[in-house]
Amino acid sequence: MTTRRLLSIAHSYSVGLNRRLAHEMARVGAGRWEVTAAAPNFLQGDLRPIPLVVEPDEPCRVVGVPARWTKRVHIMLYSRRLRQLLKDEPWDLVHCWEEPYILAGGQVARWTPQQTPLVYYTCQNIAKRYPPPFSMIERRSLERCSAWIAMGQTVAEAQIGRGVGYERRAHRVITPGVDLNHFRPRPEGRVKVCQILGWSDPGPPVVGYLGRFVPEKGIDLIMRSLDAIDSPWRALFVGTGPMEGALRLWAERHDGRVKVATDVRHDQVSNFLNAMDLLAAPSQTKEAWREQFGRMLIEAFACGVPVVASDSGEIPHVVANAGLIVGEHDDDGWRETLAALIDSPERRAELRARGLDRVRAEFAWPVIARRHLDFFEELLDANVR
């Protein structure tokens, strides 16, 4: 069998951890696919500048490309080095992990040779109307591409319903994945975090939250619900954001049983998840936002943490029957559900097992990579251009 050559382009690949999809496609496609990841040499991240660092043992080839205006992804532009890469090497398929409507997505549409299939990846789950020039870029990108991948079911529904060209192209729903070697049940991690927080273990069940401290994530709903629960509980909030002050004021009223952790590194997140007895994710739909996926959900599943989540956006599709779904505006439902789980270690154990089964079958990185390659092979075998 002839080895096929895949070029996967993403500004997020500047961060080594974000190249996991490219790595897994190279691993599961070994012997059939040769994978190259292209990324900006430098990315102006939200918290710090991010230079591209290529490790010597990466399973795929990594190519750095100069880029401008990387602070604002919508207007970021790749240099002509990417155009040369697309032109000079015989790619069987180009995978663009950039939105079709942004400037960089338009560049890839213009520069990919006409005979080479081009597949976009989109995360937008609200049917938006973009102003010029983004609306024109999107239409031209969709005219040029062969297919697209939606991050979730609500993304696919929103884009197909807009009538701008998505409905005329093949598509698949393929979610992000999770590293089951890193995110896994870690009893020792729980012990370590409890020591850091000054908590005894065992102790009252810990209701956890992981994510941004913003109103649309339902922080107020968690606080209201816990205030109304009589059973003993503790609460752990991991993240950062403008509601940190409100959280800390609330924590002061609860005499040490509420902890707010804002300096948790990515490699520590698994330990902090393991310190939770359940994860609450009460995301709240707003006019211009609804939950697109909820990476914290699958990370919690992987760590064996039961999940209670709202019905905002993609969440019900991610959770399915592996967790509990409560209406995002159902205050009584949230209070009752959290109280019931706090009081029932047996129910928590049942949800823990369901979550582990679901994440291993649906969200492990090798599974996600295989779905990508299966779709690409289907397109190539059908001679889609």
Side-chain angles (χ1 to χ4, degrees), residues 3-16 18-19 21-23 25-26 29 33-45 49-54 58 60-124 130 132-149 164-166 169-170 372-373 375-376 379-380 383-385:
T3 300
R4 287 166 163 167
R5 303 187 74 240
L6 169 66
L7 176 62
S8 185
I9 305 165
H11 69 273
S12 63
Y13 284 162
S14 293
V15 179
N18 292 340
R19 294 195 289 273
L21 173 60
H23 291 169
M25 288 193 295
W33 285 91
E34 178 185 306
V35 180
T36 297
N41 284 327
F42 176 87
L43 192 68
Q44 186 62 53
I50 302 170
L52 175 65
V53 177
V54 181
E58 297 205 31
C60 71
R61 173 189 172 205
V62 180
V63 177
V65 178
R68 292 179 290 170
W69 305 322
T70 61
K71 181 69 173 179
R72 299 179 62 190
V73 172
H74 288 69
I75 63 170
M76 185 194 80
L77 287 173
Y78 285 108
S79 74
R80 291 182 178 273
R81 171 71 181 94
L82 180 60
R83 181 180 187 178
Q84 207 66 36
L85 180 65
L86 285 161
K87 177 183 176 182
D88 288 352
E89 300 194 32
W91 305 109
D92 290 285
L93 188 140
V94 173
H95 167 238
C96 184
W97 196 347
E98 308 283 7
E99 293 286 350
Y101 64 87
I102 68 172
L103 300 190
Q107 285 182 306
V108 175
R110 291 197 310 274
W111 292 346
T112 300
Q114 197 63 37
Q115 72 276 10
T116 304
L118 168 62
V119 180
Y120 282 102
Y121 189 86
T122 179
C123 305
Q124 184 54 255
Y130 303 112
F134 302 106
S135 57
M136 294 179 287
I137 292 170
E138 182 179 43
R139 287 183 179 274
R140 290 172 182 170
S141 297
L142 292 171
E143 288 172 0
R144 166 60 188 88
C145 77
S146 307
W148 53 283
I149 294 171
V164 297
Y166 290 93
R169 295 289 181 263
H372 279 79
L373 295 183
F375 185 38
F376 298 158
L379 293 171
L380 291 172
N383 293 315
V384 174
R385 291 292 181 264

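From a predicted model like this one, the values you see are computed outputs, not experimental measurements.
Closest approach of Val53 to Arg19, counting heavy atoms only: O-NH2, 2.8 Å.
The side-chain hydrogen bond (donor to acceptor under 3.5 Å, both in side chains) search around Glu99 returns Thr122, not counting sequence neighbours. Taking the side chain to side chain contact (heavy atoms under 4.5 Å, CB included) definition, one finds that Ala22 meets it with Tyr13, Val35, Ala37, Cys60, sequence neighbours left out. Remark: Tyr78 pairs with no residue by the ring-ring contact (aromatic ring centres under 6.0 Å, His included) rule, at least two apart or across chains. Legend: residues meeting salt bridge (charged side-chain N to carboxylate O under 4.0 Å, His left out) with Glu98, ordered by chain and number and at least two apart, are absent. Take Pro90 and apply the side chain to side chain contact (heavy atoms under 4.5 Å, CB included) test, not counting sequence neighbours, and it matches Arg5. Shown here are the ring-ring contact (aromatic ring centres under 6.0 Å, His included) partners of Phe375, two or more places apart in sequence or in another chain: there are none. With sequence neighbours excluded, no residue forms a ring-ring contact (aromatic ring centres under 6.0 Å, His included) with Phe134. Residues satisfying the side-chain hydrogen bond (donor to acceptor under 3.5 Å, both in side chains) criterion with Glu138, sequence neighbours excluded, are Arg162, Tyr166. Applying the salt bridge (charged side-chain N to carboxylate O under 4.0 Å, His left out) criterion to Arg169, with sequence neighbours excluded, gives no partner residue. The ring-ring contact (aromatic ring centres under 6.0 Å, His included) test applied to His372 returns His95, not counting sequence neighbours. With sequence neighbours left out, Trp33 forms a side-chain hydrogen bond (donor to acceptor under 3.5 Å, both in side chains) with Glu377.
Rounded to the nearest 0.5 Å, atoms CG (Leu77) and CH2 (Trp69) are 5.0 Å apart. Atom-to-atom distance recorded for Leu7:CG and Glu89:CD is 8.0 Å, nearest 0.5 angstrom. Put simply, CH2 on Trp91 and OG1 on Thr116 are 10.0 Å apart, with the number rounded to the nearest 0.5 Å. Atom-to-atom distance recorded for Leu118:CG and Leu379:CG is 10.5 Å, nearest 0.5 angstrom. Annotation: the span from Leu373 atom CG to Leu380 atom CG amounts to 10.5 Å, rounded to 0.5 Å. Atom CZ of Arg81 and atom CG of Leu86 lie 10.0 Å apart (nearest 0.5 Å).
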Leu103 vs His74, side chain to side chain contact (heavy atoms under 4.5 Å, CB included): CA-CA, chis, key distance, verdict: CA-CA 6 Å; Leu103 300 190; His74 288 69; over 6 Å; no
Derivation of the side chain to side chain contact (heavy atoms under 4.5 Å, CB included) call for Ile9 and Leu85: CA-CA 11 Å; Ile9 305 165; Leu85 180 65; over 6 Å; no
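Looking at heavy atoms from C-beta onward, Lys71 lies out of side-chain contact with Met76 at the 4.5 angstrom threshold. With a 4.5 Å cut-off on side-chain heavy atoms, Leu43 and Leu52 do not count as touching. Annotation: side chain of Val65 is not in contact with side chain of Asn41 (no heavy-atom distance under 4.5 Å). The shortest side-chain heavy-atom distance between Leu93 and Val119 falls under the 4.5 Å cut-off. When side chains are defined from C-beta on, Leu6 does not count as touching Thr36, because their heavy atoms never get closer than 4.5 Å. The closest side-chain heavy-atom distance from Tyr120 to Ile149 is not below 4.5 Å.
Counting only distance, with no hydrogens or angles, the side chain of Ser79 and the backbone of Pro66 share a donor-acceptor pair below 3.5 Å. With Asn18 contributing its side chain and Ser12 its backbone, the two residues share a donor-acceptor pair below 3.5 Å. Without hydrogens or angle criteria, Tyr101 side chain to Tyr130 main chain gives no donor-acceptor distance under 3.5 Å. A donor-acceptor pair is defined here as one N or O able to donate and one able to accept, closer than 3.5 Å; such a pair exists between the side chain of Ser14 and the backbone of His11. Counting only distance, with no hydrogens or angles, the side chain of Ser141 and the backbone of Pro100 share a donor-acceptor pair below 3.5 Å.
Summarising the local packing, CZ of Arg4 is surrounded by more than 12 heavy atoms from other residues, nucleotides or ligands at distances under 6.0 Å.
Listed by first and then second residue, the salt bridge (charged side-chain N to carboxylate O under 4.0 Å, His left out) pairs involving residues 102-121 amount to none (not counting sequence neighbours).
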